[in-house]
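One is the number of the first residue; the rest follow in order along the sequence. Below, each value reflects all heavy atoms present in this structure, side chains not excepted, and no hydrogens, waters or symmetry copies. Whatever order the structure lists ligands and atoms in, that order sets their numbers, starting from 1. The shown structure was predicted, so the numbers you read here are calculated from the model rather than taken from an experiment.
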Amino acid sequence: MSRSAHPAGPRHADVLPEGHYTAPADDLNSLDPKVWAQTVGRDADGVVTVGGIKVTQLAEEFGTPAYFLDEDDFRARCHAWRGAFGADADVFYAGKAFLSRAVVRWLHEEGLNLDVCSGGELATALAAGMPADRIAFHGNNKTEDEIERAVGAGVGRIVLDSFQEIVRVAHIADRLGVRQRVQIRVTVGVEAHTHEFIATAHEDQKFGIALAGGQAAEAVRRALRLDGLELIGVHSHIGSQIFDMAGFEVSARRVVQLLAEVRDEHGVELPEIDLGGGLGIAYTSEDDPREPHEIAKALGEIVTRECEAANLRTPRISVEPGRAIVGPTAFTLYEVGTVKPLEGLRTYVSVDGGMSDNIRTALYDAEYSVALVSRTSDAEPMLVRVVGKHCESGDIVVKDAFLPADLAPGDLIAVPATGAYCRSMASNYNHALRPPVVAVRDGQARVIVRRETEEDLLRLDVG
Ligand SMILES: *Cc1c(COP(=O)(O)O)cnc(C)c1O
């Protein structure tokens with residue numbers, strides 16, 4: 001195989017390797033605003049900037065790989081969700097998507113509430129001053145210790161996930177002498193249109209209590225009987241990365257039906273329903289996510305209509321977007337290490353991170369976009385696979401994409417829409433040092449989670 005200094009890889013027209021890829025953009029230098037945070041653009045030199053700072057300068061100051069988070073974009077998304085749902089609804093940010101103390105402060109300032117699902121997330125929320133009554137505690141296997149801390153801190157709600165947990169939480173609330181506000185998580189039998197491993201509302205899975213067979217109704221019966229619990233409503237979360245509102249429609253209808261049954265049996269109108277999160281974002285130009293105001297309008301109409309039909313007072317609605325708020329706000333910046341063209345196939349571009357900073361491609365077959373950001377190029381598009389530096393052939397960051405054929409070691413490339421479930425799922429595989437998260441705003445860059453060091457690794461290894 002002959003190789004030139006910057007070997008051109010196979011072009012899309014030349015080969016048809018398996019995979020899913022769209023034709024390259026007309027101009028590989030363009031940045032689709034759908035997948036990039038709002039302050040991202042190219043300056044006069046062709047270098048990409050975020051918050052007014054060049055990525056070349058960011059790379060120099062903070063190193064690569066690193067996540068750069070557009071704080072204005074984050075706040076604008078919070079504001080849009082808060083505004084869309086209005087004063088009669090609550091927006092809980094799902095902390096598992098990405099949580100840090102700075103994020104908690106932004107949420108607090110922007111009027112959002114916060115979902116946590118572990119002691120660690122609860123500790124972070126409280127440490128950053130989120131009022132406990134604005135925190136919801138989730139999880140299918142909360143430990144006694146976690147429940148005790150949550151109840152003791154005075155969290156606004158605990159979302160009960162099993163019959164055993166109903167008793168467990170009631171018992172702890174009794175012991176602490178409080179009446180804990182709770183919701184019951186139900187599985188409504190809806191399978192969201194998305195990858196199987198991230199769909200959560202079909203019945204054969206670990207979360208929630210099934211509506212089917214009257215189990216959820218029985219859970220309500222038991223919860224209403226216990227003095228330590230104040231049952232405020234029912235919760236349903238149907239999946240992730242959902243674009244189609246039809247699943248929410250079925251879910252809302254079934255949840256409202258349960259409220260009507262509860263009213264008929266107990267004479268109690270539960271005041272709240274939570275329809276969960278799972279709203280999709282654009283990872284590539286092919287994705288068309290809904291805007292928060294469209295989602296709010298659709299959900300509001302469904303619930304109002306179903307409640308009218310059942311002659312119920314419309315409950316207070318809450319939603320729990322995680323990905324839809326933080327996902328689009330950040331990109332991962334990598335330096336290109338090696339460029340390996342495989343004749344007749346594609347070009348493998350290796351970067352200085354990989355599955356340790358973005359497991360989603362390996363885990364869910366997730367799709368991402370990628371762009372050359374340290375310069376522009378007029379070279380032909382080449383079909384690439386962006387891979388990491390880990391000892392695993394499934395260590396893929398971007399499965400199929402196009403980059404300019406003159407891509408070379410030392411170039412900086414960026415993968416947009418990595419704000420959600422990348423840093424929060426990052427690992428130390430191969431003793432990788434988890435990258436920092438740097439918030440950028442108005443020409444200022446500030447580390448909000450620092451890069452790990454080898455000392456951090458060795459500190460846990462007690463020898
Ligand atoms: C994961 C999760 C969310 C957030 O999901 P996104 O896809 O990030 O919006 C919301 N609620 C519950 C209960 C969850 O488990």
### Any Tyr421 heavy atom less than 4.0 Å from ligand 1
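Under 4.0 Å: yes for Tyr421.
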### Message
Tell me whether Ala420 reaches ligand 1 (any heavy atom closer than 4.0 angstrom to a ligand atom).
### Response
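It does not; every heavy atom stays at 4.0 Å or beyond.
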### Test: Arg323 cationic atom under 6.0 Å from Tyr421 six-membered ring centre, within 45° of axis
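That pair does not qualify as a cation-pi contact.
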Just wondering, do [Y] and [X] contact through their side chains at under 4.5 Å, heavy atoms?
| X | Y | value |
| --- | --- | --- |
| Lys297 | His293 | no |
| Leu99 | Leu114 | yes |
| Cys422 | Tyr67 | yes |
| Val48 | Val40 | yes |

### Task
Considering heavy atoms of the protein only, find what lies nearest to atom 9 (O) of ligand 1 and give residue, atom and distance to 0.1 Å.
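Ranked first by proximity to atom 9 (O) of ligand 1 is Gly278 N, 2.8 Å.
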### Query
How close does the nearest protein non-hydrogen atom get to atom 2 (C) of ligand 1, and which residue and atom is it?
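Protein heavy atom at minimum distance: Lys96 NZ, 2.2 Å.
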### Task
Would you please name every residue forming a side-chain hydrogen bond (donor to acceptor under 3.5 Å, both in side chains) with Thr418, sequence neighbours left out?
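By the side-chain hydrogen bond (donor to acceptor under 3.5 Å, both in side chains) rule, Thr418 matches Thr332.
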### Message
Test of understanding: with side-chain hydrogen bond (donor to acceptor under 3.5 Å, both in side chains), list the residues that count as partners of Glu335, not counting sequence neighbours.
### Response
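So Glu335 forms no side-chain hydrogen bond (donor to acceptor under 3.5 Å, both in side chains) with any residue.
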### Query
What do you reckon, does Ala97 have a nitrogen or oxygen under 3.5 Å from a nitrogen or oxygen of ligand 1?
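There is no such contact.
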### Task
Just let me know how Pro321 lines up against ligand 1, side chain, backbone, both or neither, with a heavy-atom cut-off below 4.0 Å.
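Within the 4.0 Å criterion, Pro321 contacts ligand 1 through backbone atoms alone.
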### Message
Under 4.0 Å, heavy-atom basis, I'd like to know which part of Glu320 is in contact with ligand 1: side chain, backbone, both or neither.
### Response
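Both backbone and side chain of Glu320 come within 4.0 Å of ligand 1.
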### Query
Do you know which two heavy atoms are closest between Ile273 and Val303, and how far apart they sit?
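Smallest interatomic distance, heavy atoms only, reads CD1-CG2, 3.8 Å.
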Per-atom contacts of ligand 1 with [X], taking only distances under 4.0 Å to non-hydrogen atoms:
| X | answer |
| --- | --- |
| His138 | 13 (C) |
| Ser240 | 7 (O) |
| Arg323 | 6 (P), 7 (O), 8 (O), 9 (O) |
| Gly277 | 9 (O), 10 (C), 11 (N) |
| Arg185 | 13 (C) |

